Structures are given as structure tokens and as C-alpha cells.
Amino acid sequence: MNGEKMAGNDYNFAMIEKKWQERWKEQQLFKADDNDTSREKFYCLTMYPYPSGVLHMGHVINYTLGDVIVRYKLLRGYNVLSPMGWDSFGLPAENAARKQAKAALERGEEPIHPDRFTEDNIAHMTSQMERAGWGYDWSRELATSRPNYYRWTQWLFLLFYQNGLAEKKVAPVNWCDSCETVLANEQVLGDGTCERCGTVVVQHDLNQWFFKMSSYAQKLLDGHAELHGHWPEKVIKMQEEWIGRSEGAKVDFTVTETGESLPIFTTRPDTLWGVTFMSLAPEHPLIEKLVKGTEQEEKVLAAVRKMRAQSTSSRLTAEVEKEGVWTGFHVTNPVNGEQVPLWVANFALMTYGTGAVMSVPAHDQRDFEFARKYNLPVRVVIQRDDATLVVEEMTEAYEDPGAMTGSGPFSGRLNTEAMGDIIKWLKAEKHGEGTINYKLRDWLLSRQRYWGAPIPIIYCEKCGEVPVPMEQLPVELPMDVEFKEGGGNPLASCEKFVNTSCPQCGSAATRETDTMDTFVDSSWYFLRYCSPEFMEAPFDPKLVHKWMPVDLYIGGIEHATMHLIYCRFFTQVLHDLGYLEFTEPAKKLFCQGMVCKTAYYCENCKWLPEAKVTGGSKSEDTIIGGICAKCGGKVRSEMTKISKSKLNIVDPDAMMDRYGADCVRLYMLSDAPPDQQQVWSDARMQGSWRFLNRLWDVVTGAVEIIQGEQQEIPDNLDTESKALRQKTHASILKITDAIEGGFRFNTAISSVMELLNKVRSAKAVHTGVMREAVESMLILMAPIAPHFAEELWETLGHTTSIFQAAWPRADKSVAMGDEIEIPVQVNGKIKARLIVAPNLSKEELEKLALEEEAVQAAIQGCEIKKVIAVPGRIVNIAVK
RNA sequence: GCCGAAGUGGCGGAAUGGCAUACGCGCGGGUUUCAAAAACCCGUGAGGUUCACCUCGUGUGGGUUCGAAUCCCACCUUCGGCACCA
């Protein structure tokens, strides 16, 4: 059972782990008590998984961390809420159905429905989770694809709709050809590819559903104040950048020829007098309107089409050559009445500001490059103080502070100082006003796919867009729909679903066939866990009040600008609508590191599994100088995140078969702090295994000695017993600190190892001291290796679960010991060591240090300048 | 380009102003064994050496301090995020 590498007397993890998993289930160890008011609550949430069917190492580190903290908090006496559920809507289930639809039909079978696919996966992953020993209150389990959950997702959509926070509008949106759906801004990566599948996203103007998240930009930023110190600064920073606040002014230009208003946003109103042209985004609606019927219409529209065809991605990278076309029109600058040409430029973005940019080539690098390319004038209105800018000699824009020139009433003033006055002046002169702009856009939530929560809207010819009455929810997904590859959304072709009657007037109407982004589902699941059976609303306010906010949220940093923004947005909206008393969903956020392992790459055969690398020599866990078994080419190695595509995956099931769940859990936490990258190493896994077996041997070996009548620990212990007792108490202190001060389980584990080494080398210690050491080790290890600790706890004669024991309390004076070693330095070099009482005074330390023979020798013939004695730490003698 | 984090033995890492390299891995030696594995014990930063001793040593160069891996300045390297956002 234990695998070929294990010796015969290794502990039998398979039997033990099963036994305790069953006991915990019987005892309902992880049942959170809604009615308990005596214990403090602790809501520990780990990001729920998409039920792909199998656990991967990312899940293992995430859920192990959560479970260790849950068990630690149980030992500290908290009423812990540790729920688990499934992010079970989404493309893979639907794609699987489509993919095998044809083959199934040929066999005369129905393809596997996404619902069955999903539920089967959930069943399998649940058993994997139980096997890993992760403790959840399964009575609160939820799956977002079940009607009793998505009914409330729909309810929340309607709530947002009723409050003007959900709307359908035409906008330029991201379309992924491979996923056959639109995507939210947050789901398009920096390089313009789909976050899910890597396909380059294209832009279309489409009529889509949005949540008005942009109106929460400031609130989302303000909320960070509460999160500083409790969320990783990196995540807060990423959100700040994503929200992208910038202060500036809105200034009203007008189209000279037509008198139409054309507002712009600028952060540099101090350069308004240097405007020499205006740039419009290619998507700007004004372009078509203006050029219609003019002689340049064809030329302008052709250029605009070309610019729009460039994907978002290439438009967004700095290397792309600036391109533009003159519309034939001009705009009038309100500050000086000047008329400057109106251009269309590929670097102007419709999705930021007003889609129109005032161009000041002397003081903006983009405008400068554009002006030089199209021979547009450059005018200096900010002078540097160390030299004089001369337009003809400039090779780049001058963007630093300086004195304003040729700027009407502001000439002569330092631009940075005048900024506030300029904005006041603009307002007084009715040319514009100070304003704040954000990069954050509205959240595009509709998806042209089947496997999601249907958007509960009906379209009626008479009444228009009509929300489904809340009491008619859920709008259920029809089960008998047809899946076929490239067949579009099966909902749209399901007449039974589409055709309905108007809830207002009763006449024939059609349903919205788009479903919601799965990030909508996950924006409120933590609320549902508080009252999973509640049937009057998405959550029971009383229970949400009891459990929320989440005390600790654990998950990957990849959600920094997706899920973690969305769920904050939902929480703030629900707060503003009076449903929640708090504005932030999670008090503390912890992001675990990636699990990495060596991957191998051959120029010809691409990524290789380790088994396909031959020759070379193995150093640690990496083959160096190996050869590709397929083509004989050289293989290079790279330490990288475990992933299917790089063929360096580790199968958690196989590891648990071989070493047991406790050992895998222990290993995951042993090597590095959990927020750092973890390096997977089979060799080090063996180290964890050895440690568990040593501990097992020590405890089982100690049973006989300590099982007799319990002995009080006397005051006059022998030296060795005293030393062990001191180590025990010092370890408890150190381990508790390591966990409380940032979940540094790696140092906690090494402290237990040190204590174990001490116990092992102890010859004849007092049995009370031995019992204290051994029991402390077991409780300290219980969160990490729970089955193992339970079994030994029982072996020691305890009849209740170790998780009903209390976390050990350290006596600080015992932990300190009676004597400590104090190094004595001369000019910073150690010359001697003193063994003294820990509380020995500064004066006595100084005296003892100077009396030391080695110190005397070292300071012979020198003049003592200063003696620094730090009680309990060090003595340093500075000499000349 | 901008912002941030990090850089310590052969390796993962510990020490956050006071004994650098805890703990573990690996490696070397030993015990046990017919043998191997496992287990156990000892050793393991580099260089020197008069071997119970000395010198050097935490990316590089400076600085502050009695004392710096830790604080400050500059630089190098690696990783991460952002990047035509007006």
C-alpha cells in the first residue's frame, strides 16, 4: 500500500487517513454553528474551483493552506465557517458537449449534457477533496449552475437593473472568435488575447448588457483604505492601476465649421495654449457625421476602416507607428479662439475620456511624433529654466515643469503651480471644468453561450425591455437543447425557451438568450454560504450579519483585477442598496504562490515530459544536459509553473497514493513561505516523509513511558529535563508567532523538527516533561498533518479528537531558560562567549566580559573607547 | 519606458540592527547487511593553517552605526505588474 520505497514499519497512512475522515464526518467537526454566540466567529474562505474533473497542484496548495488555518482556528477556540462550492457554469462543459455531439449522434446517443458533465465532475472532485483531508461544512455546499443558486444570481441582476446599475447599450466590445462570445475588459490580457483561450480578441460594436461599474470607480479606490495592511499591497496596486484615476479638466472645443461641441479630457490644461491640432479616435461617432457628403469622405473613411481593423492589441502597444488622417474640418480652441485642424489618429482611444484628444506636440511625446510625421506645427508654451526650447531643434516633447509662455493670463507662471488657477479660470470663463477620469469601464456581463445563468429579461413589441418578475425566477435553462460545433448559442435556437409572453401586457414576446458571465456568479457566492437554504432572498440578513465579512480569503493573485474587483463592486452596491452593513467582502486576503517544477524543452519537439529526456545528469530534481528521446536534440530546462501545456504536471492523487495526504500537505508548507513560489521536488517530498516517520517512532516509543499515571512537573528538574522543557515552551512561542505573523508554516515546521531532534537526543527525562513535549508536538502538527496527529493522540490515550484540545500555552519564563550564551565582541569580532542568567544587568555583563581571558588578550595595549552591553543579547567593546 | 518585489552555501530557505547559513534536501564518511534499500550516527560556506587557530564571506560599489544580510544612496541581475490612458 505504501509504495515500494517505504520500509515495512512505516506508518500506515491509508488506513489512518480513512479512519479519521470518517470520524470527522460523524462528529461534524467542520459544521459551522449559526447559533453559537459563545465563541468568536472565523470565516475562512478559499476561492471555489471550476469543476474541471480533477484537482491540480494549484488547488492543493490553496486548499491545504485554508484547511491548516481552519484547523488552527478550531484549536484556538473559534466557531469556524469553512465552506466549499463550485464555480460550475462556464465554457468547458458546453464545449465538451459540442465536441462530442457529432460522434454521439452517429452512435445514436445523446451527447453528455453540460449539467451531467458538471455534476459528475463535482462528485469526483468532492471525493478527492475528502481524501486530502480538507475540512468543509458540506451542508453549505453550493454550485452556481444549480437553479436554486442561479435563481438568486438572476434576482441580483434584477436588483441592479431596477436601480439603474444594469443596462443594455451599444458599445465597442471585445469578441473572442474561439469562445464565440464577447468578453469583459478584465478578461482581455495586456497583449490583447482572451484570458481563457489565448485567441486574439477583435472589437465590434454590439448591443450588450453592462453593469455600471465605472460609476463605482471612486468607491472602489476609497475602499482600499480599509484594505491596506490586510490585503497584499501588490493586489491593491494592480487594482489602482486598473481603475486608473487621473485628475484633469474637461474643456469644450467646438467644430469650427458646424459649431458642434467637442469636449476633451486633459490632465495638462496648462498646455491648452500649445494645442496645434485635435485627434479623434477612429471609433468616434462624429467622424462619419462630419465627413458625410464631403469630397474627403471616401479617403477619411478608408483610413478609419484601416485603423479600426488593427486589433485592440496592436493599437495598444507603443511600437505601432502613429497613423492618422485629416477630416477636412477644424476645431476652435476656447482659450484663445484659434482654429486648428481636426484629425483622426490611431493612438486615440474611444474608451478613454471623450474619445477626443487635444494635441500639444511640444509637450506630449505621442503628439510630437504624430506632428513630425504629418508636418503639423509645434508650439512651445512651457519653457525649461536651464535652457531655451527651440521648436526646430526639439527631438522629443518637453514634458517636465517650466514657466508658461504665450498662455494668455497665465504667461510667466510656473505650470505646476498655476494648474489649480487654470481650472478655476476655465470654469469662470465657461470653457470647461475640473474633472476626474478613470480607466475602469462598465462590466460587460452578457455572453452568447448556453451554460450560464440566463439574463432574466423579456422583449415585448409593445412594452419593450421587460424584466422577469422576481417571483417568476428562476428563468431555467432548458435541458433539451441541441449542441453542435460552431452552432452558436443553443438557447437562441430553442423556441420553447425563446418564445414567451410579456409579463406586463401578456402579448407574445421573446426572451433574452444571452447568459451571464460566470464572474457574476462568483461575485456573491460568499454571501450565499452564510444561508445556503434561504428561500426568500439571496441571503438571510441575520446570518450574513453573523458571518460576514470573510475574515480570511485565500486564492490566486491572477484574480486581482477580475474576481477581486467584481466581488468588491457587488459588495459595495449591495451595501449602498441597504442589503449589507459592510462595504468590503474580505478583511484579509492571502495570495498563495505558484507551484513550479522543472520543465524540458526541445527545439524540434517543443515541451517534453521528464520521461522523454534521456542522458545528462540529475542534479537535485533537474536533468542537466539531457537529450530528447524523440529526436536526439538538445534539451533545455526551465523552472516554471506547473501546467499541462509544459508537461511538468504533478498528479496530486498519485502523490497521495504514495505518501498519504498528510505528507503531501506537510510538504506543500515545508519549503517556503506560502506566498512565495513553491518548487516541487520529489527528493524533498522524501524529507517530509522521513520526518513524519521519525515523529511517529518517537511518539509510539514514548507511549509506554508516559502512559502511566500522569506526573506533575516538579520545580527541581534535572538539567536535561529542564532543557527539554525550555525547548518545548520556546517552540510553542515560536510556532504560534510564525503562524500569527503571516502564516510562515515553513519556519513553524522547522521549529517542530528542532523540538523533535531534542526529544530524540534526550536520554532520561522526567516523564511529565516528555509527555508535555510529545503532546505539544502533536497539537502543533495537528493543523498540518491532521490524521497523523489524531491517530497518535488516540494512541496516547485520549478519547476525544485532538481538535477539541486547546492550542498549547507557553510559559515565557520557562521558554527563556535559566542561562543564556552572550557573545562578546571586540570591534565587532567575537572573542568570547559568556554563559549568564538571561536577566543579568548591563553593568554586570560589562564587568564579566572585560574579565574574560580571551577578551583581555584581544584588547591588550588598546584604548577602550566604548563598551556596549545589551542584556540578553551581546557585548561589544570598541577599542583603538 | 514606468512602478513594485527579490538577490544569502551545491539546492529550498532561516535570521529584519546584535552569534550569518536554523530546519530540510543533496553530498561525504561510518554503523547495520551476503548485498542493496531503508534506518541510525558523524561531518559538510570558502581559503589558509602551527588544525581546541586565523582570514574572508549575504549581487556590486559607497555610506550611517560600537555593530549591517537587515537602514540609506548609486548601480547590476532576475521576476512580476502596467504601458500611446491624453
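Within every chain, numbering begins at 1; the chains are lettered A, B, ... in the order of the sequence lines, protein sequences first and strands thereafter. Small disclaimer: the values here were computed from a predicted structure and weren't measured.
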Side-chain N or O of A:Arg760 closer than 4.0 Å to phosphate OP1/OP2 of B:C41: yes
Show me the dot-bracket string of RNA chain B, counting Watson-Crick or G-U pairs under 3.5 Å, with | for pairs to another strand and [ ] for crossing ones. (((((((..(((.....[....)))((((((.......))))))((((....))))..(((((..]....))))))))))))....
Name the pairs: protein N/O against N/O of nucleotides 69-71 of chain B, kept only if under 3.5 Å.
none

Does any donor-acceptor pair link the side chain of A:Lys322 with the base of B:C84 at a separation under 3.5 Å? yes
Could you please name the option among B:C66, B:A39, B:C84 that lies closest to any side-chain atom of A:Arg690? B:A39
Any A:Ser359 side-chain nitrogen or oxygen under 4.0 Å from OP1 or OP2 of B:A86: no
Where do A:Leu724 and A:Leu755 land on the side-chain contact (heavy atoms from CB on, under 4.5 Å) test, with the steps shown first? CA-CA 8 Å; A:Leu724 178 57; A:Leu755 179 55; 4.2 Å; yes
Closer than 4.0 Å, any side-chain N/O of A:Arg441 to the OP1 or OP2 of B:C85? no
Check the distance between B:G12's P and A:Gln677's CD and give it to me in whole angstrom. 10 Å
Return the value, rounded to whole Å, for the distance between atom CD of A:Glu399 and atom P of B:C2. 12 Å
Would you confirm whether the ring centroid of A:Trp689 sits within less than 6.0 angstrom of the ring centroid of A:Tyr667? no
Examine B:C66: is either OP1 or OP2 under 4.0 Å from a nitrogen or oxygen in the side chain of A:Lys866? Give yes or no. yes
Members of residues 229-238 of chain A that approach RNA chain B, where some heavy atom sits under 4.0 Å away: A:Lys234, A:Lys237, A:Met238
Of B:C23, B:G12, B:G18, the nucleotide closest to the side chain of A:Arg684 is B:G12
What donor-acceptor contacts under 3.5 angstrom involve side-chain atoms of residues 865-878 of chain A, with partners at least two apart or in another chain?
unit_1, atom_1, unit_2, atom_2, d
A:Asn876, OD1, A:Gly828, N, 3.2

Give a yes-or-no answer on whether the side chains of A:Arg308 and A:Gln203 include a donor-acceptor pair shorter than 3.5 Å. no
Pick one for B:C51: is it syn, with its angle within 90° of 0, or anti? syn
Please determine, for the side chain of A:Glu241, which listed nucleotide (B:C19, B:C66, B:G81) has the closest atom? B:G81
In this structure, how many angstroms lie between the P atom of B:G24 and the CD atom of A:Glu754, rounded? 8 Å
Strand-adjacent residues in residues 826-842 of chain A, judged by heavy atoms under 4.0 Å from RNA chain B: A:Lys829, A:Ile830, A:Arg833
Provide the distance between the two C1' atoms, one in B:C42 and one in B:U50, to the nearest whole Å. 26 Å
Using the P atom as the reference point in each nucleotide, state the distance between B:G43 and B:G57 in Å, no decimals. 27 Å
Is A:Gln676 close enough to B:G13 that one of its side-chain N or O atoms is under 4.0 Å from OP1 or OP2 there? yes
Checking B:C23, B:G18, B:G13 against the side chain of A:Pro673 (C-beta onward), the nearest is B:G13
note: A:Asp364, atom CG; B:C84, atom P; distance rounded to Å ~ 13 Å
Member of A:Tyr11, A:Tyr659, A:Phe691 meeting the ring-ring contact (aromatic ring centres under 6.0 Å, His included) criterion with A:Phe788: A:Tyr11
Which nucleotide in the set B:G18, B:A22, B:A86 lies at the smallest distance from any side-chain heavy atom of A:Leu349? B:A86
Residue-level proximity of residues 741-750 of chain A to RNA chain B when a heavy atom falls under 4.0 Å: A:Asn746, A:Thr747, A:Ser750
With under 30° as parallel and over 60° as perpendicular, where do the rings of A:Tyr374 and A:Phe370 fit, or are they tilted in between? tilted
Picking from B:C84, B:G67, B:C23, which would you name as closest to the side chain of A:Asn346? B:C84
Give the nucleotide from the list B:G12, B:A86, B:G18 with an atom nearest to the side chain of A:Ala672. B:G12
